[in-house]
Amino acid sequence: MGEYAVEMLHITKKFPGIVANDDITLQLKKGEIHALLGENGAGKSTLMSVLFGLYQAEEGEIRKDGKKVEIKNPNDANALGIGMVHQHFKLVECFSVLDNIILGSEPVQGGFLKKDEARKKVMELSNRYHLQIEPDAVVENITVGMQQRTEILKMLYRDNEILIFDEPTAVLTVQEIEELMQIMKGLAKEGKSILFISHKLNEIMEVSDRCTVLRKGKYIGTVETKETTPEKLSAMMVGRNVSFKVEKKPAEPGDVVLDAKHLTVAGQNKKDAVQDVSFQVRKGEIVCITGIDGNGQTELVYGLSGLEPLKSGSISMNGKDITKASIRERSVSGMSHIPEDRHKHGLILDYLLEDNMVLQRYFEPQFTSQFGFLKRKEIREYSDRLIEKYDIRSGQGSSTMVRSMSGGNQQKAIIAREIDKNPDFLIAVQPTRGVDIGAIEFIHKQLIEQRDAGKAVLLVSLELDEVMDVPDRILVMYEGRIVGEFKPDEVTVEELGLYMTGAKKQEV
């Protein structure tokens, strides 16, 4: 028995048009938290998918406790005590939380499912690791944060010793992230070995023992976390120095673009998710709506974008009433929407990248002939231009199937499409979720460029750094209402936290 729980030696994995992993060696010590860092498309998720048996490497070998092992599928990985929480959750949406956790490992006696036994074990794990869940809630009705907790419990339920977390904090609130960090430290203390993929350097610095950096599919190096700095790690990751500060000049707000009055949107249960919310967004300003996840931000965006009908209230854009307008009418009128869930509302995963780029514009004369035929050559040229401008990395360019792209590059594709529509009003929900430090810098620049070009931008974010750095005004939501309005330079993170938890409120 060596000191390593898992060794991945000289792993090479290829896809059409791209070498995702090029001769990578990664060694995970027993009881350590080992971070895996790299840009979007650097090969991190691919490498972990090889370890979990979702992909087979063309070259290299995997050793567990010093012995060579074959991992042909996730069942082999589970049998070896390897579990994985995926960046895009692998949950059955119409099943309950409990059913998802025990799926494939159900306790059975005499051909009968012993669900009470399973429930007891799940609730014990939930309490022990402070992973609060509602076992009987249906997955499609729960918050993204609870889906994340469901995935973690799925892994713990199987008594896995090697835990892979792929971007585990991308969808969590600040408080949930802090809790998860403590959970991971507790698991490592118990002797579990953790591989942790993250773009967030502050999290890597706080929680990991060592960090391995990949760049464009190649191994750059492994460092002891306590002996490095965020600046050194970011330079290793992107190959240049990255600015952590958002550069912007003071805003010069103009006319009102979006005017939302007394909006009420229904919730999943009897209580309304959004209750009598009114606000305005002007030309040349970024307004940020923040709050703990699940306080009505998602439903508010659904109401504004047309994904959900309003129970009451009115919305006007540039003076025109769009309260009852369809999604296409809102889009054509000058609204763009970078959605919270890129897979559900942002992309058609089994379409090519070029087709996703024109999803809301394919009917325009530049893309469709007068006889109703798509102009494939023009669509390809348009897509190629956006790929180059926004540095979207995909194995086969415009003809890549979107499902095969990394999460961060999928996000960049949506941002390119929505901004290039030249909207008057841009809704950006969690725009930097799951993207690397270089891409975050780029996305923030794009939002500020939109503002400086006289557009109205509504940013919805849970990332406190983003909330403090990017917008010109901050609105805090708590239990479906706006409870505070601030300028970023006149409020502290701690003060915002009090409003987000309902401890304080203004009469807005």
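Here the structure is a predicted model, which is why all the values come from computation and not from measurement.
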Quick one: list whatever passes ring-ring contact (aromatic ring centres under 6.0 Å, His included) with [X], sequence neighbours left out.
X	answer
Tyr157	none
Phe15	Tyr55
His345	Tyr302
Phe52	His86

Output all residues satisfying side chain to side chain donor-acceptor pair (under 3.5 Å) with Lys445, sequence neighbours left out; order by chain, then residue number.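 Per chain and number, Lys445 pairs via side chain to side chain donor-acceptor pair (under 3.5 Å) with no residue.
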List for me each residue that meets side chain to side chain donor-acceptor pair (under 3.5 Å) alongside Asp209, sequence neighbours excluded, and say none if there are none.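 With neighbours one apart ignored, the set is empty.
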Ser193-Glu32 side chain donor-acceptor pair, cut-off 3.5 Å: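 No, no side-chain donor-acceptor contact under 3.5 Å.
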Tell me which pairs pass salt bridge (Lys or Arg N to Asp or Glu O under 4.0 Å) where either residue lies in residues 251-260, with sequence neighbours left out.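 Salt bridge (Lys or Arg N to Asp or Glu O under 4.0 Å) check on residues 251-260 returns Asp259-Lys261.
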Suppose the criterion is side-chain hydrogen bond (donor to acceptor under 3.5 Å, both in side chains): which pairs have a residue in residues 349-359, not counting sequence neighbours?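 For residues 349-359, and leaving out neighbouring residues, the side-chain hydrogen bond (donor to acceptor under 3.5 Å, both in side chains) pairs sorted by first residue read Asp350-Arg403, Glu354-Arg376, Glu354-Arg380, Asp355-Arg376.
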[X] to [Y] - nearest heavy-atom pair and separation:
X	Y	result
Arg393	Lys216	NH1-CE, 3.8 Å
Glu285	Arg473	OE2-NH2, 2.9 Å
Glu418	Pro423	O-CD, 3.7 Å

Near Lys218 NZ, under 6.0 Å, is it more than 12 heavy atoms from other residues, nucleotides or ligands?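 Counting other residues, nucleotides and ligands, NZ of Lys218 stays at 12 neighbours or fewer.
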Counting heavy atoms not belonging to Glu134, are there more than 12 under 6.0 Å from its CD?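 Count not over threshold, so no.
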[X]: what forms a salt bridge (charged side-chain N to carboxylate O under 4.0 Å, His left out) with it, not counting sequence neighbours?
X	result
Glu308	none
Lys283	none
Glu299	none
Arg385	Asp420

Is there a donor-acceptor contact under 3.5 Å from the side chain of Glu93 to the main chain of Leu91?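 Absent.
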